[in-house]
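Here is the structure we will look at, set down as C-alpha cells.
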Amino acid sequence: FKKSVDPLLDIPGTRYIEYKMALKADKTPCDFDDPEYWVRGIVDLMIVDKDTAFIVDYKTGKSSRPDPKQLKLMALMTFVHIPEVNYINAALLFLMNNVFIEEFYKREDIDKYWAVFEPDLRRFAHSHQVDWWPANPSGLCRRHCPVDTCEFYGG
C-alpha cells in the first residue's frame, strides 16, 4: 500500500490517527464515550493545517460503489470539534486498487450537508418513537450483522 499512502506524508500539518469524535443531538461536541452521544465516528487519518483539514478513510474492499456520505458526516463533526477548520479535503482511499475518491467541504455549507441526512434522521426518529425497526438488507447481512432472527441474516 506504500504507493497509495506515501503521498499523504507530504501534506503539511498536525496529524491525528484514528481520531474519535461525537456529537449530541443538538449537534454540539461531546466525548466519544459520552452517554448522551447522538452520533459518533472515527477518522482514520486527519491532518489539520491552519484552516484546512485533510480527512482520509482507508478502505480495503472494492471501489465499485463508493459512498461519500461517511466523509460528509466526518466533515460535519470536524467542523464542530475543530472550529478553526473552514475547509475540508476528504477522500476514500481504496487501498487494494489505489482508487482515491475525493470530496471538498466548506464550513459555509454545513446546513446543506446536514440536509443530506435529514430523510434518514426522520426515519430513525419515527422508528425510535414507535419502536418499529423494519429489516433492511445490505452488504453487512452476510458476515457482520448480529441479528440472526432477521429474514436477511446470512444473505
Side-chain angles (χ1 to χ4, degrees), residues 1-128 133 136-146:
F1 305 130
K2 185 172 174 40
K3 185 171 116 179
S4 297
V5 297
D6 270 358
L8 301 175
L9 296 173
D10 295 332
I11 299 172
T14 304
R15 284 166 169 63
Y16 302 90
I17 310 297
E18 296 288 318
Y19 190 74
K20 296 179 177 181
M21 295 182 285
L23 302 178
K24 293 181 180 180
D26 63 359
K27 299 176 185 161
T28 58
C30 64
D31 289 334
F32 190 78
D33 295 319
D34 188 312
E36 293 184 35
Y37 85 87
W38 172 66
V39 64
R40 63 186 183 177
I42 302 173
V43 174
D44 291 339
L45 171 65
M46 179 166 43
I47 303 170
V48 177
D49 186 30
K50 300 178 184 87
D51 70 343
T52 303
F54 298 86
I55 292 174
V56 179
D57 187 63
Y58 303 113
K59 300 292 184 189
T60 56
K62 298 176 185 172
S63 62
S64 58
R65 292 187 348 211
D67 184 2
K69 270 180 135 178
Q70 178 183 2
L71 293 175
K72 194 176 273 70
L73 183 58
M74 293 300 112
L76 286 164
M77 288 195 284
T78 299
F79 284 133
V80 173
H81 277 267
I82 308 176
E84 63 269 17
V85 168
N86 292 312
Y87 307 99
I88 296 175
N89 292 299
L92 299 172
L93 174 53
F94 290 87
L95 295 165
M96 300 304 282
N97 39 9
N98 197 26
V99 173
F100 206 67
I101 309 292
E102 297 180 76
E103 294 275 311
F104 179 73
Y105 304 102
K106 300 182 287 187
R107 179 175 292 280
E108 64 196 54
D109 293 331
I110 286 176
D111 291 339
K112 181 174 78 172
Y113 304 142
W114 274 119
V116 171
F117 296 98
E118 287 304 321
D120 287 334
L121 292 172
R122 282 193 299 274
R123 185 171 49 86
F124 293 150
H126 175 72
S127 285
H128 189 266
W133 305 95
N136 184 21
S138 77
L140 300 176
C141 293
R142 174 164 282 139
R143 294 189 316 223
H144 303 288
C145 184

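The first residue of the sequence shown is numbered 1, and numbering continues consecutively from there. All values below come from the heavy atoms of this structure, side chains included, with hydrogens, waters and symmetry mates left out. Keep in mind the model is a prediction, meaning the values are calculated, not measured.
Across Ile101 and Leu71, no two heavy atoms sit closer than the pair O-CD1, 4.2 Å. Annotation for Pro12 and Asp49: closest pair O-CB, 3.4 Å, computed over non-hydrogen atoms. Taking each heavy atom of Gly41 and Met74 in turn, the nearest pair found is CA-CE, 3.6 Å. Across all their heavy atoms, Ala115 and Pro119 have their closest contact at O-CD, 3.6 Å.
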Stepwise side-chain contact (heavy atoms from CB on, under 4.5 Å) check, Ile82 with Met46: CA-CA 11 Å; Ile82 308 176; Met46 179 166 43; 3.7 Å; yes

Does Lys69 form a side-chain contact (heavy atoms from CB on, under 4.5 Å) with Asp120? I'd like the steps, not just the answer. CA-CA 12 Å; Lys69 270 180 135 178; Asp120 287 334; 3.1 Å; yes

Chi angles and distances behind the side-chain contact (heavy atoms from CB on, under 4.5 Å) call for Phe117, Leu76: CA-CA 11 Å; Phe117 296 98; Leu76 286 164; 3.8 Å; yes

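Remark: Tyr87 OH is loosely packed, at most 12 non-hydrogen atoms of other residues, nucleotides or ligands lying under 6.0 Å away.
Atom CG in Asp57 sits 4.5 Å away from atom CG in Asp44 (nearest 0.5 Å). The CD1 atom of Ile55 sits 12.0 Å away from atom NZ of Lys72, with the distance rounded to the nearest 0.5 Å. Within the model, atoms CD of Glu103 and CD of Gln70 stand 11.5 Å from one another, a figure rounded to the nearest 0.5 Å. One finds the NE2 atom of His128 at 13.5 Å from the CG atom of Leu121 (value rounded to the nearest 0.5 Å).
Residues satisfying the ring-ring contact (aromatic ring centres under 6.0 Å, His included) test with Trp38, not counting sequence neighbours, are Trp114. For Asn89, the side-chain contact (heavy atoms from CB on, under 4.5 Å) test picks out Thr52, Phe54, Phe104, with sequence neighbours left out.
Remark: side-chain polar atoms of Arg107 are paired, donor with acceptor, to backbone N or O of Pro83 under 3.5 angstrom.
Between Phe79 and Tyr113, the angle of the ring planes stays under 30°, which puts this pair in the parallel group of the 30/60° scheme.
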Exercise answer: donor-acceptor pairs, residues 13-31 side-chain atoms, under 3.5 Å, sequence neighbours excluded:
unit_1: Arg15; atom_1: NH1; unit_2: Ile11; atom_2: O; d: 3.1
unit_1: Arg15; atom_1: NH1; unit_2: Gly13; atom_2: O; d: 3.4
unit_1: Arg15; atom_1: NH2; unit_2: Leu8; atom_2: O; d: 2.8
unit_1: Arg15; atom_1: NH2; unit_2: Leu9; atom_2: O; d: 3.1
unit_1: Arg15; atom_1: NH2; unit_2: Ile11; atom_2: O; d: 2.8
unit_1: Asp26; atom_1: OD1; unit_2: Thr28; atom_2: N; d: 3.1
unit_1: Asp26; atom_1: OD1; unit_2: Thr28; atom_2: OG1; d: 2.5

